[in-house]
Every structure is written in structure tokens, then in C-alpha cells.
Amino acid sequence: MSCPFLREARARSCQAAPLRKLIVEGRTDTSGEKCSSAGHQQCSIFVEQRAISEDPGRCPFLHESLMQYCAAQSVPKMVPYSESQLGKCGSDSFEYCETYLQMAHPNGSHAADEWQVEGIPVPSKLYYTANHMWIDTHESGACHIGIDGFLARLIGRLDGVNFATQRGVNRPSAVLNLHGADWPLVFPNQVLISSANLYLRGNPARLAADPYGSGYLFEGWEPPSGSPSRHGLMHGRQAIHWIRQEVSRLSEFVQQCASRRGTGLDSTLCDGGTCVPGLLDHLTRDEMFRLLHEFFDPHAAWPAQ
Ligand code: SF4
């Protein structure tokens, strides 16, 4: 499926002009154009070339091609038809393009099929890992990977995102720098990684602000051999049930922290039974590491059902 903002246009250009200028059908004023009329014989470039026209009504240097452009951009850039098919605009990957997301989902909500558990979005189309990552696989075999809304909600200050894997068949791995401490996030299955979302290195806050969209971590393809990328992952209603269990487990964790500290910490950290956004900012370093180990360990396993 292609991006709904991707448009096609016929474009014409002069193959003899020193600078190639595109004349786009319907987007360029062609009132004074001589190229497709007998007027081309008075064009200085045509005269300089000393060319002979087989068709007196059309310049032999006039070249026509099919181009594509993004209608969501204020100054669209024309891309030859064959090239745009390779990029995200001509594939399911458009769903992760920032321009598309700003136009299609200006309020940040991604899909009608997005379920909520205690205010945590859980899109139904995704497959989830026990350490709170997700994968979205498309019919073409293309896939995107990121962190889920549960982890995104806990992250407060995030100092950096680094990528331990950026290409090739591997288990996609990133490192979050939380309050000066590194925490590894490892997707449990192999994927043919085509790129990491390097934009997050300059703007790490995007990871938690838009975990299911422009804050994705990796894009890639199903691995050429071995287990499929969704092997052993949680999906659909099962995922909803699991996130509910995780929310209760987190409340218990906070209560334990409060009783260890001997203070009313639980009322600071919980808002009506749900942990406050950016919970990690309120924990001691030791508490933060215990929480990360309990919920986001690269070797995390599913709870017994
Ligand atoms: S740049 Fe983005 S919004 Fe524009 S056509 Fe491509 S995927 Fe769609």
C-alpha cells in the first residue's frame, strides 16, 4: 500500500538545456511554453543545437516522464517513479513517516483500533515482547520495531538513545540513557535490520512522546531464514490482559518501594491506582534499576498463565 499523500504527475524537461528544469503538468504555468508547438523552432537552445525536427509541432529535445511527489509537503520534491517505489512513500512504511503522521494524526492518536489500558495505548495490530517492545509487520515483509506505551509512560528524563545494531540480520538492540545510566533494550527475535531511527539520537524525547509512530526504533524486514520475527510474541486480547497484569505488578512494586522507604511514597507515585507518568524520575537509582530488571530485562519471560 502507498502513502495517501503520494501523487503522480507527468513531467517534461529539456534534454538540451544546461540546467534541467521540470515542467510538471497541472503544477507549472505552461502558457508561454514552446516545446510542444511549432514555436520550438525559435527557441535559442534548439537553434544552438542545429537540430532538425521530424515533427514540426514538437521539439526533439522534449522529454516526458512520470514523476511522483508528496502532496503533504509545502514545497514538493519530484522523484522519478521508479525511485519512489523503493522508499517509504510507496510501501506500508509510510505509516512511520513524520510528515504523514503530522498530517494524518495531528493529535497523536494512531489508529481506530488502538485499545487503552489505564490510559496506556495498546494498538491491536502490533505484536509485543515480554520486555515491552513491539513489532509491526506488513504484508510485504517490511517491519518496524519500537517500545510500547507501558515503558513510554514510565520514562521521564531520557538523556539519550544509542543503537547497538544498525544493519544486517540481528536482534535489534538499542541503549537508553536514563538519568546517566545505560539500559539495554533487545528485541528477542532476529530481523533483517535496514536502518535505525537515528533521528532519536538528537531528539530522544520523541521515543516516549510517540512510541508507536515517529518514535519507532528500527525498520527492517523479516529475516531470510530461521524463526519469523513475531515468534513467541503476544498479540490482540492476550496483550491487553498482559498489560493489565503489568499495571497491577507495577503498583505492587511502588507499594513495596514505599514500605521500604517508610514514607507515603505510593500517594506521590500513584494517581488513582495508576502510576504517574515519568515514574522513573521519582525513584532512587537502586529502585530504578530494580524496576528496569523486573520489567524490561532483555531476558524477560512471559508470566505463567
Ligand atoms: S514523504 Fe511521507 S507523507 Fe509524503 S508521500 Fe512520502 S510517506 Fe507520504
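This structure is a prediction, so every number in the text was calculated from the model and none was measured. Start at 1 and go down the list; that is how both ligands and their atoms are numbered.
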For the aromatic rings, using the six-membered ring if either is Trp, is the centroid distance between His138 and Trp221 under 6.0 Å? no
Within 45° cone and under 6.0 Å: Arg201 NZ/CZ vs Phe163 ring: no
Lys/Arg-Asp/Glu bridge criterion (N-O < 4.0 Å) met for Arg244, Glu118: no
Nearest-neighbour protein heavy atom for atom 8 (Fe) of ligand 1, which is reported as residue plus atom name and distance: Cys3 SG, 2.3 Å
Should you measure from each heavy atom of Tyr100, which atoms of ligand 1 turn up under 4.0 Å away? 3 (S)
Test: Glu252 and Arg249 ion pair at under 4.0 Å: no
Quick test: of every protein heavy atom, which one is nearest to atom 4 (Fe) of ligand 1, and how far off is it to 0.1 Å? Cys70 SG, 2.2 Å
In terms of atom number and element, which parts of ligand 1 are under 4.0 angstrom from non-hydrogen atoms of Cys97? 1 (S), 2 (Fe), 3 (S), 7 (S)
At under 4.0 Å between heavy atoms, what of Cys89 touches ligand 1? The answer is both
Is it true that the NZ or CZ of Arg237 lies under 6.0 Å from the centre of Trp115's six-membered ring and within 45 degrees of the ring axis? yes
